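Got a structure for you, written out below as structure tokens; questions coming shortly.
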Protein chains: 2
Amino acid sequence: MEVKRDNTEEKIIDAATDVFVQKGMDGARMQEIADRAGINKALLHYYFRSKEKLFDAIFTKLVGISFPQIGQILQSDLPVLEKIEMVIDTYVDLLLKYPFLPAFIIKEMNRDATPFFKFIEKRGFAIAPIFNMLQKAMDDGVIVKTRPEHLVVNVIGLCVFPFAARPMINHVAFHGDDKALKQFLSERKVEVKKFVLKAIQPE
Amino acid sequence: MEVKRDNTEEKIIDAATDVFVQKGMDGARMQEIADRAGINKALLHYYFRSKEKLFDAIFTKLVGISFPQIGQILQSDLPVLEKIEMVIDTYVDLLLKYPFLPAFIIKEMNRDATPFFKFIEKRGFAIAPIFNMLQKAMDDGVIVKTRPEHLVVNVIGLCVFPFAARPMINHVAFHGDDKALKQFLSERKVEVKKFVLKAIQPE
DNA sequence: TCTTGGTTTAACTATTTGGTTAAATCATTT
DNA sequence: AAATGATTTAACCAAATAGTTAAACCAAGA
């Protein structure tokens with residue numbers, strides 16, 4: 001038993017990831033996934049009973065990558081400012097590795113948000129401790145006062161947006177020069193940290 | 001001639017906008033557009049020969065809304081800081097009016113960027129003057145020094161991201177409370193201005 | 001009123017696509 | 001080597017879908 005199972009399943013997952021990320025759930029074709037995995041459609045349905053089930057597997061995998069274990073950073077007893085810096089570093093590094101993630105997640109969240117909700121529920125992800133930590137830092141005068149929600153959205157947005165809007169930025173700001181875009185994106189780590197730290201420093 | 005033409009065409013455009021924005025090009029169905037416009041499929045093809053042509057019309061319309069006439073603001077002789085504030089105000093107001101735009105544009109740009117490129121080309125949109133203006137302000141010590149590209153992406157990203165990520169923010173930060181989310185988004189104008197101005201003020 | 005030309009419809013077609021089935025194949029165990 | 005059970009395939013099916021066609025309709029001008 002399990003003759004070439006691991007191998008085939010892996011090939012399917014790789015192929016499906018490529019196709020779903022590029023075309024989305026609606027644009028993806030089971031035939032294309034089968035072709036890219038070097039198998040035929042029936043085998044695809046043998047491993048993953050339906051397109052929806054296959055998509056769920058891929059989506060869950062990719063959401064898992066997108067919402068990484070920043071819990072460790074946040075639960076450490078580093079000063080808040082260093083925590084924020086570490087989150088930015090970790091997150092931009094992740095996005096440099098998987099630049100297609102933001103557009104994919106945004107696209108599929110807008111189509112059907114329930115798989116994402118299930119994921120969050122399953123992982124028991126809670127944002128409240130983060131808000132509390134930031135609120136405390138504000139009360140202590142370590143960072144400037146606002147609603148913690150805004151600060152979190154600002155930080156994540158500054159990290160994520162350039163990747164989500166990559167094709168536009170590439171065209172408008174860099175006239176299609178992929179090298180220049182890549183250079184720009186790799187500068188984001190330093191740039192976002194500088195920008196955020198300056199913005200939140202108390203008077 | 002042109003008996004009810006205007007009326008019907010308008011109904012089609014409204015219906016197609018709804019459906020394309022909600023489902024995207026791949027997920028949209030001509031039948032659903034026809035139903036929503038209160039006509040049948042053949043009439044849809046009579047007005048817009050193909051799904052692609054209809055989509056192009058809608059996409060171009062929506063990109064036109066997304067890249068509004070901020071030229072006037074930028075070409076005025078207001079101080080740079082006030083220009084930046086005005087751009088943020090204008091942009092967030094726009095997004096509050098059309099909150100679905102960012103996700104739609106990101107989604108469709110990733111599928112096929114050529115309609116967007118054509119639009120930019122046709123409108124003769126150039127980013128260089130904006131970069132030059134910011135560079136000058138940096139040289140004059142009015143704002144802190146960076147690559148202008150980063151500043152532009154930061155400002156746009158802070159405005160746009162919360163709208164693109166709406167479903168996630170709504171769930172994670174507000175537990176599905178639409179009212180709370182709307183309140184949060186309407187605070188962004190003030191928040192982003194505060195955040196950006198603080199981040200770019202010279203030492 | 002009769003013609004004309006744009007408008008609208010019902011019915012149809014060709015193709016694509018997700019999914020099924022029954023048979024063949026292959027590795028492993030007895 | 002024979003049996004077993006997982007794996008793989010070719011051929012097929014039903015539903016959905018973009019697009020077509022030919023005829024009916026309707027408002028306006030001659």
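First the proteins, then the strands, lettered A, B, ... as listed; each starts at 1. These numbers were taken from a predicted model, which means no experiment stands behind them.
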- [ ] Please state whether the phosphate of dG19(D), meaning OP1 or OP2, lies under 4.0 angstrom from any side-chain nitrogen or oxygen of Arg49(B).
- [x] no

From CG of Leu44(A) across to P of dG18(C) the rounded distance in Å is 10 Å

* Residues Lys61(B) and Thr17(B): side-chain donor-acceptor under 3.5 angstrom -> yes

Tell me whether the guanidinium CZ or amine NZ of Arg111(B) lies under 6.0 angstrom from the six-membered ring centre of Phe55(B) and within 45° of its axis.
yes

**Prompt:** Touch check for Ala28(B), heavy atoms < 4.0 angstrom, all strands: base, sugar-phosphate only, or nothing?
**Reply:** sugar-phosphate

In whole angstroms, the gap separating C1' of dT16(C) from NZ of Lys23(A) amounts to 14 Å

Note to self: Whether Arg188(B) and Glu191(B) form a salt bridge (side-chain N of Lys/Arg under 4.0 Å from carboxylate O of Asp/Glu) is what I want to check.
What the structure shows: no

Check: Just to confirm, is there a sub-4.0 Å distance from OP1 or OP2 of dA18(D) to any side-chain nitrogen or oxygen of Arg29(B)?
Finding: yes

To the nearest angstrom, the NZ-P distance between Lys51(A) and dA15(D) comes to 19 Å

Testing dG6(C), dG18(C), dT21(C) for proximity to the side chain of Tyr46(B), the answer is dG6(C)

Rounded to whole Å, the CZ-P distance (Phe48(A) to dG19(C)) equals 14 Å

In whole angstroms, the gap separating C1' of dG19(D) from CG of Asn40(B) amounts to 13 Å

When rounded to whole Å, the NZ to C1' distance for the pair Lys41(B) and dT20(D) reads 10 Å

| message | Under a plain distance cut-off of 3.5 Å, with no hydrogens placed, do Gln22(B) and Asp18(B) share a side-chain donor-acceptor pair? | response | no

By nearest-nucleotide position on DNA chain C, the 5'-leaning member of Gln31(A) and Ala42(A) is Gln31(A)

To the nearest angstrom, the CG-P distance between Asp26(B) and dT17(D) comes to 13 Å

Against the side chain of Ser50(B), the closest entry in dA18(D), dG6(C), dG19(D) is dG19(D)

Among the nucleotides dG19(D), dT8(C), dT20(C), whichever has the atom closest to the side chain of Met30(B) is dG19(D)

Considering only heavy side-chain atoms of His45(A), the closest of dG19(D), dT9(D), dG19(C) is dG19(C)

Side-chain atoms of Tyr47(A) come closest, of dA10(D), dG6(C), dT7(D), to dT7(D)

Asp35(A) CG to dT9(D) C1', in whole Å, measures 14 Å

Exercise. Do Lys97(B) and Asp93(B) meet the salt-bridge criterion of a basic N to acidic O distance under 4.0 Å?
Worked result: no

Closest to the side chain of Leu43(A), out of dT9(D), dT7(C), dG18(C), is dT9(D)

Which of dG19(D), dG18(C), dT8(C) is nearest the side chain of Thr8(B)? It is dT8(C)

